[in-house]
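Heads up, the thing below is written out as structure tokens.
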Amino acid sequence: MNTGDTAWVLISTVLVFAMTIPGLAFFYGGLVRRKNVLSILMQCFIVMCVISLQWVLFGYSLSFGPDTGAGIIGGLQWAGLKSVGGQPNGDYAATIPHMVFMIFQAMFAVITPALIIGAFAERMKFSAFLVFTLLWTTLVYDPLAHWVWGTGGWMRNLGGLDFAGGIVVHVSSGVSALVLCVLLGRRLNYRKSPFRPHNLPFTVLGGALLWFGWFGFNAGSALGANELAANAFVTTHIATAAAGLTWALIEWQQHGAPTVLGATTGAVAGLVAITPACGFVNPMNAIFIGILVAVFCYLAVAVVKAKLGYDDALDAFGVHGVGGIWGTIATGLFAEKAVNAAGADGLFFGGGQLWPQLIMVGVAPLFAGVMTWILFKVVDAWIGMRVPEKDETIGLDLTQQSEAAYTVIE
Amino acid sequence: MNTGDTAWVLISTVLVFAMTIPGLAFFYGGLVRRKNVLSILMQCFIVMCVISLQWVLFGYSLSFGPDTGAGIIGGLQWAGLKSVGGQPNGDYAATIPHMVFMIFQAMFAVITPALIIGAFAERMKFSAFLVFTLLWTTLVYDPLAHWVWGTGGWMRNLGGLDFAGGIVVHVSSGVSALVLCVLLGRRLNYRKSPFRPHNLPFTVLGGALLWFGWFGFNAGSALGANELAANAFVTTHIATAAAGLTWALIEWQQHGAPTVLGATTGAVAGLVAITPACGFVNPMNAIFIGILVAVFCYLAVAVVKAKLGYDDALDAFGVHGVGGIWGTIATGLFAEKAVNAAGADGLFFGGGQLWPQLIMVGVAPLFAGVMTWILFKVVDAWIGMRVPEKDETIGLDLTQQSEAAYTVIE
Amino acid sequence: MNTGDTAWVLISTVLVFAMTIPGLAFFYGGLVRRKNVLSILMQCFIVMCVISLQWVLFGYSLSFGPDTGAGIIGGLQWAGLKSVGGQPNGDYAATIPHMVFMIFQAMFAVITPALIIGAFAERMKFSAFLVFTLLWTTLVYDPLAHWVWGTGGWMRNLGGLDFAGGIVVHVSSGVSALVLCVLLGRRLNYRKSPFRPHNLPFTVLGGALLWFGWFGFNAGSALGANELAANAFVTTHIATAAAGLTWALIEWQQHGAPTVLGATTGAVAGLVAITPACGFVNPMNAIFIGILVAVFCYLAVAVVKAKLGYDDALDAFGVHGVGGIWGTIATGLFAEKAVNAAGADGLFFGGGQLWPQLIMVGVAPLFAGVMTWILFKVVDAWIGMRVPEKDETIGLDLTQQSEAAYTVIE
Amino acid sequence: MKYIVALIQPHKLDEVLKALEDVQIPLVTVSTVLGRGRQKGVTEVYRGAAREAGSLLKKVKLEIAVNEDFVEPAVRAITQSARTGEVGDGKIFILDLVETIRIRTSERGGEAIG
Amino acid sequence: MKYIVALIQPHKLDEVLKALEDVQIPLVTVSTVLGRGRQKGVTEVYRGAAREAGSLLKKVKLEIAVNEDFVEPAVRAITQSARTGEVGDGKIFILDLVETIRIRTSERGGEAIG
Amino acid sequence: MKYIVALIQPHKLDEVLKALEDVQIPLVTVSTVLGRGRQKGVTEVYRGAAREAGSLLKKVKLEIAVNEDFVEPAVRAITQSARTGEVGDGKIFILDLVETIRIRTSERGGEAIG
Ligand SMILES: Nc1ncnc2c1ncn2[C@@H]1O[C@H](COP(=O)(O)OP(=O)(O)O)[C@@H](O)[C@H]1O
Ligand SMILES: Nc1ncnc2c1ncn2[C@@H]1O[C@H](COP(=O)(O)OP(=O)(O)O)[C@@H](O)[C@H]1O
Ligand SMILES: Nc1ncnc2c1ncn2[C@@H]1O[C@H](COP(=O)(O)OP(=O)(O)O)[C@@H](O)[C@H]1O
């Protein structure tokens, strides 16, 4: 065991914690209308509570526990943290306590379903949300984490590379978000009234905290305070910088002014795209990855969404789905053994890494999409996914949470 | 000396710093009325300034300095940080510079009086607050810290266990809070007008930052990046998750909807309860501790307070007092030597740890309560504790701080 | 290489990141009028993007690359991070990957131009800001960083001490801020209408996050988790506490009430002043440095600015310029070899360190001021620095960023 | 001239503005108010203390100054576009307007109003 | 019919609403305003620059449309519940109300008002 | 007595308040509103979706109750101090005021107004 590595993964865990609350909560919360902000904060907060419990009780075991044989799912041997103690687990991280690896991964399991909130914001019933989230994490996230990261997982065995969760976290949540928002339908008056972000400073605060926490997400995934962490840290930072700037420049060219919402959105897209790649590519190529993700996500959000007319309220698919797919492919293009000997060479470095990446990008969305469709149908039949029209008009804060975010007269 | 341990305690210090400002400041600040938010922020901010100075000048020496003989108080040998340098002090932390231990502890001395602010919010004179806080820290906190944590402290000698401050921080501040708010009386129009939280997103931001910083508070108290820190980290996280969820469920059952204020409050209660226990209990028992603290604190806040009618404005006693008492007792029930060899076995593991815990729970509130009563009388006679009615009506921001939080017309 | 040192510098980098966004962004953003808050957030955010790219592409090489001979500037050998890899660079930090040192320094290069924003807030054209910032960082910051910190830099060779950037960061930005705001002229209606801070809680949030991040800034500059870091951490904390308290007391005495804006401003001034000194002075002297900087900056902001009538909107010069100058001189007075053997003895310890400090304090402002003047003239002729009167009246959010911070009717 | 004050449901604002424009009444002043009417409030809960939300509900207030000929078109436009048929749809109040002045030109009366 | 505008101290709102209800006037519209009256403002200090708070103080504005019979009860209810006896208690202004329309039903006049 | 409602550009507020004071009209109630007038809105862009800002622009509303003699001075003070000559300068509306009551003293009429 190594205290420096342990310190780094512990603090990285804290950083990833901060990505969901307050990071994502405020990033999303600022974008909705005043009457729905608490519903967003509550969803993020309660995901933190519920999924953390799910994780220690059985989720971690399903994801990282001893493979049940076919590379599909882990066994329940580690349920309730049995055998998960102070000693390192050499399969995952040889220099830190096993418990530290477990809790670091817990934060990934929490943020993934939280990302989906952006798609169905302002119209989902809280009870349905809670049930859906628990089922989705168990039946979509846990298996996917096992496939890609678990010992014996089939995508891992295939040689698929996903440093910090491009597939596991972003593609899975982004694609599920798309399916959900299509099934759920648009918000009332969508496109008739303008839906303005009620508090953009909150969104910038949340965006900055996402960037802040993402250093733990990506560089923490090196599971030690070493050269690999350094590379992941640097590539993360400059891919993000490049993407934030690019988005602002696109807006400037298209609409005459760069917005801070655009720069922030671009930065988040950059963070998403570099996530699978950060431990495999060099910093200069990270810049390309960042520039291109801004272009792709801008197109998805400003052009494709407008054309197709689905109501992905806060662009969970447009940013995380599209960004995650691009990042996973980019890993197949730009990965270098020179950066990470445990990695592989991508297309541009004469290697064959593109193929496993494409397989992951083909299979994961299919799996996530179909499962989400099934879960939606089940929960909708059981509880009903959407709030009544009247509640949507009054706002979810008062109708789902029985509280109001701000006082008006004082 | 060990760089990994040092890095972990340094960053933990930063995390605990963030608990007071901005964490607690915003947690409390969002809950008061618009006209009083700056008074809360100012009280939290100035506590950080004043108690940090008190600590290096003499507070640290009183708390952790060489015992004066009876286990009651430390001597002044370390006043002005004399002999507190780069070399480790083996009595407290053998692998990190003594100065790092000292500054880590400084953040605990800061947050403890800050917690009390919640009880007397919206009606205390700033000058009286300042004098009271300085006296209270010197005459209540410093001795208590010595009793429980100082070498030679009598509670420590007795075998009392308090990993990160259940007694020292939470019981002491919570009980003092109760005494203070009873002596001070209720706010004008209490229960006649509804006092709505003026900005719940701020409260959620603060609550999330408390959780964030508490990782440093609890896991940092292991004073190294080791298995013990890992255990404290994990138990802290899931006790909190369990408590946040439980509170939300109670509300759902009682009032038909779970609120984000409830989930946040429950989480803070969970953090409080696990504080003394986190380094001694295993993760599964942490879940029980978390569930039960939500029940106890909910009863205190929603039932007992309503019955007895005291105006603990932001529930400093209901959450910190009650939660701290439960956590200290729970340590006596669930502690295991299997988790921490330096600890002891609690009732449920065949040990006798419950008795020292009960003694602490008996003596500390008595001491804190009586001292607070005396200090109140002294400061009230000298300066007057409460603002004039007119100032309370106009609001403390304008009358105590000469500034307004938000512009109205622009 | 040392994992503990690496972990500490990595997390310090994250902390310094948080100083610019969300720290400084909210500190400044809360102080402007409602119609300009996004322009501030955007400027801080885009500086993070643009200067991070500048840094990896050529800025780092100019600042820290092999000296070109005269101690004036680094060569371009390290442009695009060539030769900057996982291996430590013994000249700068022997125990951490070179890349980690590079990215830690990147955050300093980002925040420095961001500090200047305070001076020209509410009236600068965004395009002009962007061009100016890029030029200023390249032509002022990079050389200065080389002079003071680069191997072969002439101020470094002279024996000038600047632990974490008193000269490089604060004097340079503060003086440039003064020159800029004088050249740009006052805001419309300055001193006719009262300009109230539109959201002081945001300012306190930002101020608290600055303090939070500054632990990384100063203690991280030890480049390891060691005694030196411990000393820098402690001196930083108590100089800040002393300065925040002092400012509040001055206000109390002058105007009858201490404000939270005052305490926060004082704390920031304390952070600035201790920056060059933190690794060379002992904690007790840090208190003096903190008390005095509050006095000096208060005078600058409340008396001198009012007298001379320039419109340094958010007091970038009054706090960073004045505080940085005092801190640099104070280093020459209070530095001790007993604290840091690699340092020197200041005037009060019988050494001659005051002279190199005074030379730095003489030359750096001159250089920064003249360069800023030239750059202003160039960019003003080319693009125009100031927005049209009409845009200033409507607000920069709508006219420069095409978005509004808050909704009004919902 | 008349001064029309209308209180409507917030989510109807855009439709009402559109309807007014369609009858050549583009000029209007809008603000947020709280109204206590026949509509029931929603219960709020803060730390286990439930309370009727005081039945003060968010409404949007429109103020429209018009010449006599435009009064009935305005009333019609508002009632039609703001109606949902549920309690809480709001009210229109009509006051006499003695004089109107356009600040920019100092024009007065019927000319200034448009 | 009359249109009553009352400006009161914010902390008196709940009492005034209660008093109005007691005299059968439940319907009312409320908003926040700033008022400059005879009451003195509190000094504010920002970075050492003190300034009179411009004496613009927060007030609450009530708007109440009533039939003639209810005018005096309303005035009495407000004055009694809003009075503290200190400068700044506020004012009541009464305007003529020409017409009232309930949006939901298109009822007019005295029937619509309640 | 008259009840004057004036809508002005927000950045003109201080000047207008000063001008009113200069003609002995210190008492006034102020609030923020959004106005749709002849002035064009600025385009806003959210994630690549540009939209006309609905041309609802921030304005400040003044309400001033005065005795007849003060009507013209008030109008003059406002028009002169609020004018920039650009579209969007705003309007003044004058309504009849039937009664005024000072809450503190229960005074009525012309005495209560000042
Ligand atoms: N007499 C009145 N005086 C002032 N405001 C009124 C009056 N009647 C209704 N309002 C306003 O109109 C809003 C809608 O009234 P409400 O009675 O709920 O609707 P409805 O007319 O459909 O029954 C109220 O919230 C209040 O703001
Ligand atoms: N003539 C007026 N026109 C408009 N508003 C007024 C007028 N007189 C008073 N007000 C409003 O009433 C509030 C209270 O008035 P003030 O003179 O302070 O109280 P009092 O009547 O008790 O002396 C003011 O802040 C202002 O909003
Ligand atoms: N007829 C009206 N009814 C209600 N409000 C009006 C009316 N005309 C103008 N306003 C208000 O006055 C503001 C300024 O009007 P505008 O037409 O832009 O200015 P100008 O009179 O200089 O052309 C508008 O934003 C609106 O708030």
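Everything quoted here is computed from the prediction, not taken from an experiment. Numbers restart at 1 for each chain; the letters A, B, ... are given by sequence-line order, proteins then strands.
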*Please name the pair of heavy atoms, one in B:V100 and one in C:A230, separated by the smallest distance, quoted to 0.1 Å.*
CG2-CB, 3.5 Å

*Any chance CZ of B:F58 has more than 12 other-residue heavy atoms, nucleotides or ligands included, within less than 6.0 Å?*
yes

*In Å, rounded to the nearest 0.5 Å, how long is the span from CE of B:M1 to CG of C:N226?*
6.5 Å

*With a 4.5 angstrom heavy-atom cut-off, could you sort out which part of B:P97 is near chain C: side chain, backbone, both or neither?*
side chain

*Report the option among C:H237, C:R33, C:E251 that has the most heavy-atom pairs separated by less than 4.5 Å from atoms of chain B.*
C:H237

*Got a second to check how far B:F104's CZ is from C:F233's CZ, nearest 0.5 Å?*
10.5 Å

_If you apply the rule side-chain contact (heavy atoms from CB on, under 4.5 Å), what do you find for C:L200 with B:L41, and how did you get there?_
CA-CA 10 Å; C:L200 278 180; B:L41 301 189; over 6 Å; no

*Please determine, among B:G80, B:A405, B:G4, the option with the most heavy-atom pairs under 4.5 Å with chain C.*
B:A405

*Tell me, do B:F45 and C:T264 make a side-chain contact under 4.5 Å, heavy atoms counted?*
yes

*Of the non-hydrogen atoms in B:F26 and C:P201, which two are nearest, and what is the gap between them?*
CZ-O, 3.1 Å

*asked:* Distance check, rounded to the nearest 0.5 Å: B:L209 atom CG versus C:L209 atom CG?
replied: 7.5 Å

*Name the region of C:P258, side chain, backbone, both or neither, that has any atom closer than 4.5 Å to a heavy atom of chain B.*
both

*Name the region of B:L10, side chain, backbone, both or neither, that has any atom closer than 4.5 Å to a heavy atom of chain C.*
both

*Ignoring hydrogens and angles, tell me if any N or O in the side chain of B:E403 forms a donor-acceptor pair with the backbone of C:V260 under 3.5 Å.*
yes

*Counting heavy-atom pairs under 4.5 Å to chain B, which of C:G270, C:A248, C:A208 comes out on top?*
C:A208

*What are the two closest heavy atoms between B:T407 and C:R34, and how far apart are they?*
O-NH2, 2.8 Å

_Shorter than 4.5 Å, heavy atoms on both sides: which option in B:L81, B:D397, B:N2 has the most such pairs with chain C?_
B:L81

*CG of B:L130 to CH2 of C:W252: how many Å apart, nearest 0.5 Å?*
5.5 Å

_Please classify the contact between B:A404 and chain C as side chain, backbone, both or neither, with a heavy-atom cut-off of under 4.5 Å._
backbone

*asked:* Which atoms of C:T6 are under 4.5 Å from chain B, going by heavy atoms: the side chain, the backbone, both sets, or neither?
replied: neither

*Measuring heavy-atom distances to chain C, does B:I103 have an atom under 4.5 Å in its side chain, in its backbone, in both, or in neither?*
side chain

*What residue, out of B:G86, B:A225, B:C49, has the most heavy-atom pairs lying under 4.5 Å from chain C?*
B:C49

_So for C:F212, is it side chain, backbone, both, or neither that comes closer than 4.5 Å to the heavy atoms of chain B?_
both

*Under 4.5 Å heavy-atom distance to chain B, tell me which part of C:I287 shows up: side chain, backbone, both or neither.*
side chain

*Roughly how far, to the nearest 0.5 Å, is CE of B:M42 from CG of C:L261?*
10.0 Å

*asked:* To check you understand the geometry: which heavy-atom pair defines the closest contact between B:Q401 and C:T259, and what is its length?
replied: O-CG2, 3.1 Å

*Distance-only side-chain donor-acceptor flag, B:S402 / C:H255, under 3.5 Å*: no

_So for B:S127, is it side chain, backbone, both, or neither that comes closer than 4.5 Å to the heavy atoms of chain C?_
both

*chain B: which of C:A7, C:G244, C:A242 shares the most heavy-atom pairs with it under 4.5 Å?*
C:A242

*If you measure from OG1 on C:T240 to CG on B:L53, what distance do you get to the nearest 0.5 Å?*
10.0 Å

_Taking side chain as everything from C-beta outward and backbone as N, CA, C, O, which of these in C:A219 sits under 4.5 Å from a heavy atom of chain B? Side chain, backbone, both or neither._
neither

*Sort out for me which of C:V9, C:D5, C:L205, C:I11 touches chain B most, counting heavy-atom pairs under 4.5 Å.*
C:L205

*asked:* Less than 4.5 Å to any heavy atom of chain C: does that hold for the side chain of B:I96, its backbone, both, or neither?
replied: neither

